[in-house]
Amino acid sequence: MKYKMAVFDLDGTLLNTLEDLADAVNYSLAQFGMPQRTIEEVRNYVGNGIRLLIERSVPNGTDLPVIDNVFECFKKYYQEHCNDKTKAYDGIIDMLKELKQSGIKLAVLSNKAQNAVTKLCDIYFDNLLDITFGAREGIAKKPAPDALLECAAIADIALEDIAYIGDSDVDVLTARNAGVDCIAVSWGFRDKGVLIKAGADKIADNIQVLKAELL
């Protein structure tokens, strides 16, 4: 066993949430008469938390109070519809079961709102995860290392015994900033070239490669 703990990003790493995120963005924009965004646009906007997702999705020059209203609309709609089209990537749940059986502690760390992280993790990964950590007041979002360091402290595991797994440049930077090993996955929301440019040392193209890197 190479690591004592594996910390996973959620969107684009364990779950394909893109369609539900795009639907929630476009529902919210439509309520304020704003143009719709394509799936590819939303794909490029995610990764830094839902507030920035909305700020990137509204038209340039939108007043702050209006952005606030769109954001509140998004949060309410997404909480109710976050699992309409979302699904786990093939092989993910079986891999998590195998890692857990091997004695590796498992965590999810996401810039997604905590309530949505909790809801989706309860649906898909019930009893598999030791920690589910979403966006929280007073803790800086990724790529700041704060939340990842908090996960390490909660689990009482040394940084050198932790791997962080994610699908974006934000995840690569988060791991680097925290001083933990990073394994990037190429099946998520960012192209492989983005991961390489961000400085990813290891990139897993499939579940088998990822599992071999962890065990």
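- No side-chain donor-acceptor contact under 3.5 Å links Asp191 to the backbone of Gly193.
- Around the CG atom of Asp90, the shell of radius 6.0 Å holds no more than 12 heavy atoms that belong to other residues, nucleotides or ligands.
- In this structure, Tyr89 and Leu15 have side chains that are not in contact, with every pair of non-hydrogen atoms separated by 4.5 Å or more.
- In this view, Pro143 and Asn48, Val170, Leu173, Thr174, Asn177 satisfy the side chain to side chain contact (heavy atoms under 4.5 Å, CB included) rule, not counting sequence neighbours.
- In terms of modelled atom types and a separation under 3.5 Å, the side chain of Asp63 and the main chain of Val66 share no donor-acceptor contact.
- With values rounded to the nearest 0.5 angstrom, Arg51 atom CZ is found 15.0 Å from Asn111 atom CG.
- Side-chain contact between Lys112 and Leu10: present, with at least one pair of heavy atoms (C-beta onward) separated by less than 4.5 Å.
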Residue pair Ile92, Phe8: steps toward the side-chain contact (heavy atoms from CB on, under 4.5 Å) verdict: CA-CA 11 Å; Ile92 284 291; Phe8 294 88; over 6 Å; no
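- Between the side chain of Asp156 and the backbone N or O of Ala152 there is no donor-acceptor pair closer than 3.5 Å.
- Cluster note: Met5 groups with Val7, Leu109, Ile131, Phe133, Ile139, Leu148, Leu149, Ile154, Ile157, Leu159, Ile162, Tyr164, Val180 through ILVMFWY side-chain heavy atoms spaced under 4.5 Å, whether in direct contact or through intervening members.
- Between Leu210 and Val185, the closest side-chain pair of non-hydrogen atoms falls below 4.5 Å.
- Here the shortest heavy-atom pairing between Ala198 and Asp169 reads CB-CB, 3.7 Å.
- Nearest approach of Trp187 to Ala204, heavy atoms of both residues: CZ3-O, 3.8 Å.
- How far CG of Asn127 is from CG of Asp122: 9.0 Å, rounded to the nearest 0.5 Å.
- Contact between Cys73 and Ser28 at its shortest, heavy atoms only, is C-OG, 3.7 Å.
- Among all heavy-atom pairs drawn from Ser102 and Leu215, the shortest one is OG-CD2, 3.5 Å.
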Derivation of the side-chain contact (heavy atoms from CB on, under 4.5 Å) call for Asn26 and Arg37: CA-CA 6 Å; Asn26 284 327; Arg37 293 296 186 177; 3.8 Å; yes
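- Donor-acceptor pairing under 3.5 Å is recorded for the side chains of Thr118 and Gln114.
- For the 3.5 Å distance criterion, the side chains of Lys105 and Tyr3 fail to qualify, holding no donor opposite an acceptor.
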Asp11 and Ser110: CA distance, side-chain angles, deciding distance, side-chain contact (heavy atoms from CB on, under 4.5 Å) verdict: CA-CA 8 Å; Asp11 297 47; Ser110 174; 4.1 Å; yes
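- Taking 4.5 Å as the limit, some side-chain heavy atom of Phe32 sits within range of a side-chain heavy atom of Asn69.
- Of all heavy-atom pairs between Ile50 and Phe71, the closest is CG1-CE1, 3.5 Å.
- When all heavy atoms are compared, the tightest approach of Leu214 to Ala163 is CD2-CB, 3.8 Å.
- Side-chain heavy-atom separations under 4.5 angstrom define the hydrophobic clusters, and the remaining members of the one that includes Tyr27 are Tyr77.
- Note on Lys2 versus Asp161: no salt bridge recorded, every NZ/NE/NH1/NH2 to OD/OE distance being 4.0 Å or above.
- Counting non-hydrogen atoms of neighbouring residues, nucleotides and ligands closer than 6.0 angstrom, the NZ atom of Lys119 exceeds 12 such neighbours.
- No side-chain heavy atom of Arg190 sits under 4.5 Å from any side-chain heavy atom of Asp171.
- Screening Thr17, Asn16, Asp20 for a side chain to side chain donor-acceptor pair (under 3.5 Å) with Thr86, the sole residue that qualifies is Asp20.
- Ile93 CD1 to Glu98 CD: the interatomic distance, rounded to the nearest 0.5 Å, is 14.5 Å.
- Shown here is Asn115, whose CG atom has more than 12 heavy atoms of other residues, nucleotides or ligands within 6.0 Å.
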side-chain contact (heavy atoms from CB on, under 4.5 Å) between Val46 and Leu21, intermediate numbers included: CA-CA 9 Å; Val46 299; Leu21 286 167; 4.0 Å; yes
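- Contact check on Lys192 versus Asp205 returns a salt bridge, with a Lys/Arg side-chain nitrogen under 4.0 Å from an Asp/Glu carboxylate oxygen.
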